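Values below: every heavy atom of this structure, side chains too, minus hydrogens, waters and symmetry copies. This structure is a prediction, so every number in the text was calculated from the model and none was measured.
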Amino acid sequence: MQSHLDKIELLPALPKALPEGSVSGIVARGGFELSFSWEKGQLIGVAVLSKSGLPCILKYNDKTIEFETEAGRTYHFDGLLNNK
């Protein structure tokens, strides 16, 4: 994960040695805490907890989404960044 330039990029450079896995509690700029998993090198899903209530921009591959958040609320997305 990378968080810079006001966006959070998921799995930007996943090593081939880690084709599947998950992380939780990883903190991104802007007051966001993320948990996500991947299989066969592809994102399966992501949960974003907003600690600040700021707008969030997520990027995965060629797709970018932007959404408003409320502090203390968790937002869930599938591997294509569709709202769950």
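Note on Tyr75 and Val23: same hydrophobic cluster, where clusters join Ile, Leu, Val, Met, Phe, Trp and Tyr whose side-chain heavy atoms are under 4.5 Å apart, directly or indirectly.
Legend: residues meeting ring pair (Phe, Tyr, Trp, His ring centres under 6.0 Å) with Phe77, ordered by chain and number and at least two apart, are Phe67.
The closest side-chain heavy-atom distance from Leu81 to Val46 is below 4.5 Å. At least one side-chain heavy atom of Phe32 sits less than 4.5 Å from a side-chain heavy atom of Cys56.
Minimum interatomic distance between Asp78 and Lys84 (heavy atoms only, all atoms of both residues): N-CG, 3.8 Å. Here the closest heavy-atom approach between residue Glu66 and residue Ile57 is recorded as CG-CG1, 3.7 Å. For the residue pair Asn82 and Lys63, the shortest heavy atom distance occurs at OD1-NZ, 3.2 Å. Residue Leu10 comes nearest to Tyr60 through the heavy atom pair O-CD1, 3.3 Å, listed as atom of the first residue, atom of the second, then distance. Contact between Thr74 and Ala47 at its shortest, heavy atoms only, is CG2-CB, 4.0 Å. What you find for Ala71 and Ser52 is that their closest heavy atoms are CB-C, 4.0 Å.
With values rounded to the nearest 0.5 angstrom, Asn61 atom CG is found 8.5 Å from Leu43 atom CG. To the nearest 0.5 Å, atom OG1 of residue Thr64 and atom CD1 of residue Ile8 are 12.0 Å apart. Rounded to the nearest 0.5 Å, atoms CD (Glu70) and CG (Leu54) are 13.0 Å apart. Interatomic distance, NZ of Lys7 versus CG of Leu58, reported as 11.5 Å (0.5 Å rounding). The distance from the CG atom of Leu34 to the OG atom of Ser24 is 10.5 Å, given to the nearest 0.5 Å.
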Would you list the atom pairs, donor with acceptor, under 3.5 Å between side chains in residues 11-22 and any protein atom, with sequence neighbours excluded?
none

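Annotation for Lys51: atom NZ does not count as buried by contact number, only 12 or fewer foreign heavy atoms lying within 6.0 Å.
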